[in-house]
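Notes for the one structure printed next.
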Amino acid sequence: MEDLSPLLSVRNLKAYFHLDEGVVKAVDGVTFDVHAGQVLGIVGESGCGKSVTMKAVLRILESPGRIDGGEILWNRQGSKQNGSTVEETVNLTQLNPHGREMRAIRGGEIALIPQEPMSAFSPVHTIGDQLIEAIRLHRPAGKREARQIAIDLLRDVGIPMPEQRLSAYSWQLSGGLRQRAIIAMALSCNPRLLIADEPTTAVDVTTQAQVLRLLRELQAQRNAAIIFITHDLGVIAQMADYVVVMYLGLVMEQGPVDDIFHAPKHPYTQALLRSIPSINSTPREELPTISGSIPHPFNKPRGCPFHPRCQQAIQGRCDQRTPALQAVGGQQLVSCFLYHDVERSS
Amino acid sequence: MTNLPVLTPTPLLEVKHLRKYFPIQTGGLRRKVVGQVRAVDDVSFFINEGETLGLVGESGCGKTTASRCVLRAYTPTSGEMLFRNADDSLVDLALLSRRGLRPIRSQIQMIFQDPYGSLNPRMTLFDIVGEPLLMNGMKDRRQRTERVAELLHLVGLRPEFLQRFPHAFSGGQRQRIGIARALASTPRLVVADEPVSALDVSVQAQILNLLLELQNRLNLTYLFVAHNLSVVKHICDRVTVMYVGKIVETAETQELFRAPKHPYTAALLLAVPVADPRVKSGDVELKGDVPSPANPPSGCYFHPRCPFAIDRCKTEPPVYREITPGHFVSCHRADELQLEGVAV
Ligand SMILES: Nc1ncnc2c1ncn2[C@@H]1O[C@H](COP(=O)(O)OP(=O)(O)O)[C@@H](O)[C@H]1O
Ligand SMILES: Nc1ncnc2c1ncn2[C@@H]1O[C@H](COP(=O)(O)OP(=O)(O)O)[C@@H](O)[C@H]1O
Ligand code: SF4
Ligand SMILES: [Mg+2]
Ligand SMILES: [Mg+2]
């Protein structure tokens, strides 16, 4: 089903913040692939580097953050003048973040649904003006044509009376409608990859359900790939085909969604899944917990980042060396010395 | 047959027809009241001693307003809030003056959602937890130090931390500090407003376990406000569901999850995405958005979104009634509808 070459291939990506107090290694060697038509879920607790990874991919990392290593390989599909399509792979880390090519990719081929819903729209321009501008930025469309595309987009994402909404401001919309308008904005240029960064964290559960359904439908219709970022294991289980579990700037484990939830290998994934109360679990029973808390980014432990909280840590190994992300049967990859002895090369 | 006394649980708190309206004012110099936000609108519930009542519903449905009325951080617009003193006498919290409230304050305490905003950053751990002791007349510093150490131990914090400031602690530790402070005055009723919502997943379980353990040890009664249904299911004995300022359903937890009687409750349950890809969930048929309590719909407030609405629902507000023992619901069609719950 999946074609062989991935749409996006992130290889050993490092993104650091160089502060006066020291270096925050927010993303410290992250590797994953996204294939066309796939929903890739990235899950991890706050501060593990999910948003920074995506900002690096889109080349919108704010200073003092910068990419300090690795590759971001994006498969470009262009059409030549004679009508044939060409495929080329560009390494986004090598592009000028403000240059023409990166601007064409960002928004045009890869679109973002940002974590802060208010940041998607300017409060002083109407939704219509902003949508039409975004459409015309990436497609050769006249004003009237762009307006029609905008109306169709709003209708596609389930906004009633789309013509009227064009003249509304984002702050006039309810939470649910605003979330839909943001999705319409992200879709305005027909992206091949949609990055949704915690798109439902700020909304209620029934609105969340509506947004998740909408994303699933759009994905099926357009065959776009989605990177879906969340800290909610329930949302990941329902949305993702393939899951990447992050902790402290590193990938702990990745694999098909069913394996991650039914045969988790990494002690962090296992502990995380055990510790959440489930709507189907026994009430008032003591929940298994993960001891301690997430370390401060300046105080990252040596060795495996999870070892101080890991019940199976091997002394002299896990606290000294950092395990590499290795395939362990099937399509699952794990960074853990319980499964292999390969150390991460820096 | 011997005459064994029938043990009926006694409510520690009984709230009857509670209303809290906020005026909507025009801007400008001469403010005029142009309407009312019916944040809490005729809400009735009780909490038995030693149990946990969950108050759930989507944001803006009035959970925080209702709990702030119980704490008397707000004076209700109308209604009764009968609280049972340790000597079994009843007092209506709604009628108490500032002075009359003073002896009650120590008995009803609050745990906040935001462990960052709710602790004074300039106070040490000793002062934060010791302040309520001082206010309750424990003047002797040595005695206070001992009691603070005891409270810290109770919530799983090390006593060496006494002179540290809140910023030195992680989110989970701060929530423990907030709990220790709430427990300092040996309350009987604890109101917890979204106590784990701001915490990381791996820390939530620690705090939930702590709350359950403290309840068992200290016979605490909880009013537990939350929007996360999995958390509510885990921790609550009974659950009350609110929608636009009104209660739509109350039942024992298992019953509510297994056999919801109100279409809104059923929709909420279906909307929760289960952390298992083999259990299809997180989908919902509800159209539209939650209406505003400043301008609620006619009849049943849920009728514009309800898949089961009939003509009667558009005009006649349903009565909140007990349809089976302990199961209360406010829906015209509660008796006939067969709604789907979740496996429990
Ligand atoms: N602008 C910034 N300056 C310094 N540190 C940052 C900045 N943005 C993010 N970080 C740090 O990078 C780490 C990862 O952040 P982020 O990717 O936002 O986490 P999340 O997984 O919650 O999205 C965190 O430790 C965070 O404190
Ligand atoms: N101080 C206030 N003044 C005016 N309106 C308020 C005030 N506090 C809350 N509200 C309104 O009352 C309703 C209920 O709010 P709240 O009790 O905070 O809901 P919840 O805690 O369930 O999210 C909302 O519509 C909110 O906007
Ligand atoms: S009263 Fe009518 S509209 Fe309201 S929940 Fe019941 S069936 Fe739906
Ligand atoms: Mg983030
Ligand atoms: Mg609230």
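Letters A, B, ... mirror the listed sequences (proteins, then strands); counts begin at 1. Bear in mind that the values here come from a model prediction, so they are computed numbers and not experimental data.
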Kindly determine whether A:Lys50 and A:Asp197 satisfy salt bridge (Lys or Arg N to Asp or Glu O under 4.0 Å), including the steps that lead there. CA-CA 8 Å; A:Lys50 304 182 296 293; A:Asp197 192 354; over 6 Å; no
Look at B:Ser59, B:Gly282, B:Ser170 and state which one has the largest set of heavy-atom pairs under 4.5 Å with chain A. B:Ser59
Knowing that exactly one of A:Ile276, A:Ile290, A:Asp232, A:Val43 qualifies, which makes a side chain to side chain contact (heavy atoms under 4.5 Å, CB included) with B:Val201? A:Ile276
Is the A:Tyr169-A:Phe121 ring centre distance short of 6.0 angstrom? no
Contact part of B:Ser202 toward chain A, heavy-atom cut-off under 4.5 Å: side chain, backbone, both or neither? both
B:Lys287 versus chain A, the contacting section by heavy-atom distance below 4.5 Å: backbone
Chain A neighbours within residues 206-217 of chain B, where any heavy atom lies under 4.5 Å away: B:Gln206, B:Leu208, B:Asn209, B:Leu212, B:Gln215, B:Asn216
Would you check if the side chain of B:Glu51 reaches a backbone N or O of B:Arg238 as a donor-acceptor pair within less than 3.5 Å? no
State plainly whether the residues B:Asp193 and B:Lys63 are in salt-bridge range, i.e. N to O under 4.0 Å. no
Which bit of A:Leu177 is near chain B, if near means a heavy-atom gap under 4.5 Å: side chain, backbone, both or neither? both
Nearest 0.5 Å please: distance from the CD1 atom of B:Ile179 over to the CZ atom of B:Phe112. 12.5 Å
Atom group of A:Gln208 that falls short of 4.5 Å from chain B, counting heavy atoms: side chain
Would you compute the distance between atom OG of B:Ser67 and atom CG of B:Leu223 and round it to the nearest 0.5 angstrom? 6.0 Å
Would you sort out whether A:Arg284 and B:Asp237 count as a salt bridge (Lys or Arg N to Asp or Glu O under 4.0 Å), showing the intermediate values? CA-CA 9 Å; A:Arg284 299 189 72 90; B:Asp237 300 295; 3.7 Å; yes
A:Asp319: partners by salt bridge (Lys or Arg N to Asp or Glu O under 4.0 Å), with sequence neighbours left out: none
Main-chain N/O of B:Val284 paired to A:Gln210 side chain as donor or acceptor, under 3.5 Å: no
Within this structure, what is the OG-CD distance for the pair B:Ser118 and B:Gln113, rounded to the nearest 0.5 Å? 9.5 Å
So, are B:Glu249 and B:Lys261 salt-bridged, with charged N and O less than 4.0 Å apart? no
Looking only at A:Thr289, A:Thr206, A:Ile260, A:Leu233, most heavy-atom pairs under 4.5 Å shared with chain B are made by A:Thr206
Looking at B:Asp283, B:Val272, B:Leu286, B:Val290, which has the largest count of heavy-atom pairs under 4.5 Å with chain A? B:Asp283
Side chain / backbone / both / neither for B:Asp289 at chain A, heavy atoms under 4.5 Å: side chain
Between A:Gln238, A:Arg216, A:His231, who has the most heavy-atom pairs with chain B when the cutoff is under 4.5 Å? A:Gln238
Please look at A:His296 and chain B and tell me whether the side chain, the backbone, both or neither of the residue comes under 4.5 angstrom of a heavy atom of that chain. neither
Among the options A:Asp258, A:Leu272, A:Val257, pick out the one with the most heavy-atom pairs lying under 4.5 Å from chain B. A:Asp258
Heavy-atom contact with chain B under 4.5 Å, split by part of A:Pro288: backbone
